[in-house]
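Here the structure is laid out as structure tokens; the discussion comes afterwards.
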Number of protein chains: 2
Amino acid sequence: MSNGEDDAAVRARGRRPARPSGDDREQAILATAERLLEERPLSAISVDDLARGAGISRPTFYFYFASKDAVLLSLLDRVVTEADAALRAAFDAPAGSPREGWQRAISTYHATFRAHRALTVACAEARPASPEVRALWGEVFERWVQRCATVIEAERARGAAPAGPPARDLAVALLSMNERVLYGSLSGDGPALAEPDVVPVLLRVWLTAVYGEGPR
Amino acid sequence: MSNGEDDAAVRARGRRPARPSGDDREQAILATAERLLEERPLSAISVDDLARGAGISRPTFYFYFASKDAVLLSLLDRVVTEADAALRAAFDAPAGSPREGWQRAISTYHATFRAHRALTVACAEARPASPEVRALWGEVFERWVQRCATVIEAERARGAAPAGPPARDLAVALLSMNERVLYGSLSGDGPALAEPDVVPVLLRVWLTAVYGEGPR
DNA sequence: GAACGAGTCAACGCGCTGTCGAGAAACGGG
DNA sequence: CCCGTTTCTCGACAGCGCGTTGACTCGTTC
């Protein structure tokens, strides 16, 4: 949800009514996690690594986070909020044709996650194992699906795009493509698109899928 | 590679020169793995579960497989070989237009992996952690990319498809879409396409991407 | 019948996770 | 100024899953 409640509100009402000493530790853990993720996957990072990196002992770690995954979730929450805001801005930007809107959205999506490569890859890999990560990602994905579907329907309504599969289905397929292609290109695993080619190729597929005639 | 060497050749030259008793155990382990994967993810299945399910003790398991992942790899190898053969057949089938070829290929892809839902999902989830799984999947993926790229180039050469991004890049993007959409629909996680909609929607995107004009 | 190799398992060591209970350190009211 | 309360800290424990070791059985082979 990226509500920030699990972070801020709990902080306010529960812990830390006056003293600000332990907040640093929490930040230190997050920073350590981000740093270690640059060099190895989450599965190769133990709670002990995180704790030592933050200058505390392992049990103390559990005072701040329920698990390793909770740290990742907290990190993901920030990035996802950032991405969502950037994406909303890209869509709502007044200037240019709708096609330029797609272009802006795809570049923004790509740029945001590329700026947090290690975290993005780690989350993609943790998703199957962590219900929370799955839920959080599912929510933003659903939001983007709806946003895209709305735009597609608007384009169809004004006659700019032809009829086709349900706009929602198209959006799911295309966003899935973005996700997988981006992951491949960031993780460097297997056959992947080279960095500079990612956006133009994705854009091309989006444009033909949205504006192209179906089988004639 | 699905070369079968790690399975068959090693079997022939190393172990089992005469006695056939232990082969059943190996099959029992594979069968147990496939059965247990129907009900829970690989991460929730221990080597002990596999061993007990096959009626042997845990150390004995290691006589047959190097690890849990090796079992999965062995299972994946079979499915991937099957999928590759089916896909090759779909492409090489003489009848119909090239567009029908795409349709056959996508349905075949979908049908094959759907028939092994649990295994497919497990492999997708194990891929980040297992270099062998990653390598095997990477190989078949690359093979499919090349096959698709070849067809796209042929279509362009005969004037049926317009110029566009490098055929290889297009193939990577579209196959990535297939992979992610199929995984989503099989794992039932997050926003996904409903089973019957998967093939038509994917096909539509493929056709517009390959045959549609780019931004005009 | 000795030597060999396939197959089997109890027992071990390791690294990881998460928890418990006993403290130290800071506040807040009497 | 002391005392209870809350925040924070960690040593030590319990448990699980992995992969290995070493010894033991049993059929085969020479």
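Keep in mind it's a predicted model, so treat the numbers as computed, not measured. All values below were derived from every heavy atom in this structure, side-chain atoms included, with hydrogens, water molecules and symmetry-related copies excluded. So you know, we letter chains A, B, ... as the sequences are listed, proteins then strands, and number each from 1.
Following rounding to the nearest Å, A:Ile29 (CD1) and D:dC8 (C1') show an atom-to-atom distance of 12 Å. Atom CZ of A:Phe63 and atom P of C:dG23 are 19 Å apart (whole Å). Rounded to an integer number of Å, the gap from B:Asp24 CG to C:dG7 P is 10 Å. One atom, CG of A:Asp69, and another, P of C:dT17, lie 10 Å apart when rounded to the nearest Å. Counting to the nearest Å, the P atom of D:dT20 and the CZ atom of B:Phe61 are 12 Å from each other.
With distances taken from any side-chain atom of B:Tyr62 to the nucleotides C:dC9, D:dC10, D:dC18, the minimum falls on D:dC18.
Counting only distance, with no hydrogens or angles, the side chain of A:Ser130 and the backbone of A:Asp69 share no donor-acceptor pair below 3.5 Å. At distances below 3.5 Å, not a single donor-acceptor pair connects side-chain atoms of B:Ser74 with backbone N or O atoms of B:Ala70.
Ion pairing of A:Asp197 with B:Arg168 is absent here, as no side-chain N (NZ or NE/NH1/NH2) approaches a carboxylate O to less than 4.0 Å. One finds no salt bridge joining B:Arg134 and A:Glu125 here, because no Lys/Arg side-chain nitrogen approaches an Asp/Glu carboxylate oxygen to under 4.0 Å. Using a cutoff of 4.0 Å between basic side-chain nitrogens and carboxylate oxygens, A:Arg147 and A:Asp84 are scored as salt-bridged.
Residue-environment remark: CZ (B:Arg35) exceeds the threshold of 12 foreign heavy atoms within 6.0 Å.
Within residues 39-57 of chain B, the residues that place at least one heavy atom under 4.0 Å from DNA chain C are, in residue-number order, B:Ile56, B:Ser57.
Judged by distance alone, with hydrogens and angles left aside, B:Arg58 brings no side-chain donor or acceptor close enough to the base of D:dG17 to form a pair under 3.5 Å.
Applying the 4.0 Å criterion to OP1 and OP2 of C:dG7, one finds that B:Thr60 has every side-chain N and O outside that range.
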